[in-house]
2 protein chains.
Amino acid sequence: MELRHIRYFLAVAEERNFTRAAARLGIGQPPLSSQIRDLEAEIGVQLFHRVAHGAELTEAGQGFRDAVAPLPGQFAAAIRVAQRAGRGETGQLGIGLTGTAALNPIVPDAIRSFGRAYPDVELRVEEASSLTLLNNIVEGRLDVAILRPAESDPVELREESLAEEPLVVVLPAAHPAAQDRRPLDLPLLRDDALILTPRSVGTSLHDAALAACRAAGFEPRLGQPAPQIASILSLVAAELGVSLVPASMRQLNVHGVVFRSIRAPTPRIGLAVVYRKTLPPPLATNFARIARNVARDRR
Amino acid sequence: MELRHIRYFLAVAEERNFTRAAARLGIGQPPLSSQIRDLEAEIGVQLFHRVAHGAELTEAGQGFRDAVAPLPGQFAAAIRVAQRAGRGETGQLGIGLTGTAALNPIVPDAIRSFGRAYPDVELRVEEASSLTLLNNIVEGRLDVAILRPAESDPVELREESLAEEPLVVVLPAAHPAAQDRRPLDLPLLRDDALILTPRSVGTSLHDAALAACRAAGFEPRLGQPAPQIASILSLVAAELGVSLVPASMRQLNVHGVVFRSIRAPTPRIGLAVVYRKTLPPPLATNFARIARNVARDRR
DNA sequence: CTTTCTCCATATGTCATAGATATGGCATGG
DNA sequence: CCATGCCATATCTATGACATATGGAGAAAG
């Protein structure tokens with residue numbers, strides 16, 4: 001049995017007339033009769049009484065009609081579902097964020113915009129280190145991520161830059177350089193311990209901070225490693241050292257720390273949206289597009 | 001799109017492998033590839049990622065699978081519905097009864113048996129005059145009826161006799177013949193008014209009663225007509241006359257009336273199940289069969 | 001790095017069958 | 001009684017579903 005038989009059957013059931021039903025279906029009457037006869041033979045039950053003035057449903061035909069009437073609509077609905085999913089308007093989207101990326105206002109903006117543009121998409125947001133996120137995307141556990149891009153990121157991923165922001169210095173409130181509000185000369189920190197997350201957590205910020213110090217002409221002394229970005233601020237507040245962080249972390253109001261911008265050449269760090277180059281979920285590219293738009297409008 | 005495409009799609013989606021899916025479907029791999037390609041072209045969306053080790057569902061494919069997975073089962077269910085209805089195991093059955101037929105114990109027995117044998121059939125029982133019932137059956141408003149058959153019943157109906165029962169006389173308790181318990185000689189009633197329903201309500205009992213009197217050698221005097229069978233007893237109790245009724249009406253305990261059987265040759269009246277000769281609903285023939293069985297077992 | 005295996009796509013031929021056309025039978029109605 | 005409307009049968013055509021043969025590409029194995 002094929003959908004064709006159902007469509008033909010329903011047409012005859014509605015018209016109560018083979019000839020008119022055939023016309024409506026755009027075929028001749030004999031093939032329609034033949035198809036209905038085949039259908040009846042297959043299910044072993046007569047569906048129509050052929051009477052002089054047309055065709056009447058039998059009891060079996062009525063039951064059959066009730067059972068199959070919704071089927072053509074379900075076929076059509078399935079097609080629409082597939083098309084919408086193909087355009088990336090439905091489904092699930094797993095978004096990954098790193099600790100510092102989540103603090104950049106572009107990120108909540110982008111997620112909010114996406115949620116409005118694709119209300120039928122189920123969002124799943126998780127925070128993890130850059131390396132975890134990149135791995136998850138490569139292996140398909142995650143669709144897209146916003147993070148700090150690094151040279152070492154896998155080549156099979158597409159990274160689209162969203163923004164660049166300056167690094168700023170974080171000092172304990174009691175630090176001698178904490179009172180000055182002017183841009184700070186990095187070499188002033190040459191004697192302080194530099195608190196960073198381990199390079200295994202995120203290469204980008206780690207490398208950017210080290211590179212900034214070296215560009216300023218000194219090799220920093222590394223202090224205690226911080227397990228996560230947010231805990232850098234706690235360690236600084238505890239006067240265990242100083243650190244360099246993206247400017248957007250200024251919005252974290254941690255007691256006992258002071259942020260100071262850095263005198264030119266100001267080191268900068270990027271923010272990028274990342275997804276698979278091959279077979280990207282349509283949702284992922286849609287999300288990336290919206291994130292780019294949000295970033296552009298903010299610039 | 002045809003059901004075939006759905007079956008093929010679901011097989012590939014499950015096997016994640018065109019070759020195995022084709023084997024399971026009993027066709028070759030190239031035609032399967034071709035059918036899937038046609039399906040994708042029709043809905044304009046790629047459903048599978050063709051990768052080295054097989055085929056993976058795209059987002060669209062996953063949505064499509066969720067939407068179409070139940071369809072093959074629904075086709076099968078529709079076939080079963082039609083087959084059951086074709087065997088007369090489901091649907092509605094309209095049963096008509098005349099006033100006197102309803103009193104014969106065969107009738108409730110038959111309805112009860114049918115309800116047990118076909119629990120999925122929705123029963124609709126109505127009581128009306130023979131002529132109304134016969135008309136309703138001819139015109140399709142009713143499927144089957146149990147009534148007192150008459151020669152004048154439409155030939156396009158099939159009547160299957162269920163039983164015959166004797167007529168008995170109904171007398172007012174004060175009637176001179178009411179005391180005797182032996183079978184009564186009909187001519188004893190030649191001076192009493194005979195109370196009957198109008199011939200337009202039911203020819204059978206009307207004619208049978210008149211015929212019995214004439215066979216007994218007298219022309220009865222007709223009393224006031226009774227609108228329904230049951231009201232005959234009330235009119236007799238009111239001493240407006242006597243009547244002849246089927247023996248099964250004895251179970252009506254109306255105060256002030258006495259039943260007496262009739263001396264041979266005892267007039268008899270039939271009980272029959274009636275349904276259309278042409279295009280009888282399967283349920284109607286099933287009901288008639290059960291009614292015949294019940295009647296046979298009671299004999 | 002080459003070989004081999006696996007799997008899907010392409011190419012081509014065949015056959016089943018959906019459908020067209022022509023016609024006949026059977027009711028109903030003027 | 002003939003005209004009309006409707007469905008069934010008969011026959012032909014052509015689309016397309018499927019089989020067979022082959023190619024190409026990636027992964028696994030040597």
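Order of the sequence lines sets the chain letters (A, B, ...), proteins ahead of strands, with each chain counted from 1. Fair warning: this is a prediction, and the values are worked out from it, not measured in the lab.
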- Task: Have a look at B:Y8 and say if it touches a base, only the backbone sugar-phosphate, or nothing, with a 4.0 Å heavy-atom cut-off.
- Result: sugar-phosphate

- Message: Does B:Q29 reach a base, just sugar-phosphate, or nothing at all? Heavy atoms under 4.0 Å.
- Response: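 It contacts base atoms.
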
- Item | Pairwise side-chain contact, B:F64 with B:I6, heavy-atom cut-off 4.5 Å (strictly under) | yes

- Message: Within the 4.5 Å heavy-atom criterion, are B:Q228 and B:E127 side-chain neighbours or not?
- Response: no

- Note on the structure: Note: for A:Q35 and A:A52 on DNA chain C, the residue whose nearest nucleotide lies more 5' is A:Q35

- Decide if the gap between the ring center of A:F9 and the ring center of A:F48 is smaller than 6.0 angstrom.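 Ring-ring flag for A:F9/A:F48: true, centres closer than 6.0 Å.
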
- Message: Quick check against the 3.5 Å criterion: does A:E2 have a side-chain atom that pairs as donor or acceptor with the backbone of B:L3?
- Response: yes

Can you tell me how far [atom2] of [N] sits from [atom1] of [X], to the nearest Å?
X	N	atom1	atom2	value
A:E40	D:dC7	CD	C1'	12 Å
B:M1	D:dA17	CE	P	14 Å
A:H53	C:dG25	NE2	P	23 Å
A:L39	C:dT17	CG	P	16 Å
A:R50	C:dG25	CZ	P	19 Å
B:E56	D:dG26	CD	P	16 Å
B:L32	C:dC7	CG	C1'	12 Å
B:R16	C:dC8	CZ	C1'	16 Å

N/O (side chain, [X]) to phosphate O (OP1/OP2, [N]) under 4.0 Å:
X	N	answer
B:R37	C:dA9	no
A:S33	D:dA8	yes
A:S34	D:dT9	no
A:N17	D:dC7	yes

For the side chain of [X], starting at C-beta, report the closest nucleotide among [options].
X	options	value
A:R20	C:dC8, C:dA20, D:dC6	D:dC6
A:I27	C:dG19, D:dC6, C:dC8	C:dG19
A:P30	C:dG19, C:dA22, D:dA21	C:dA22
B:P31	D:dC18, D:dA8, C:dA18	D:dC18

- Any side-chain donor-acceptor pair under 3.5 Å between A:T58 and A:Q62?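 Short answer, no.
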
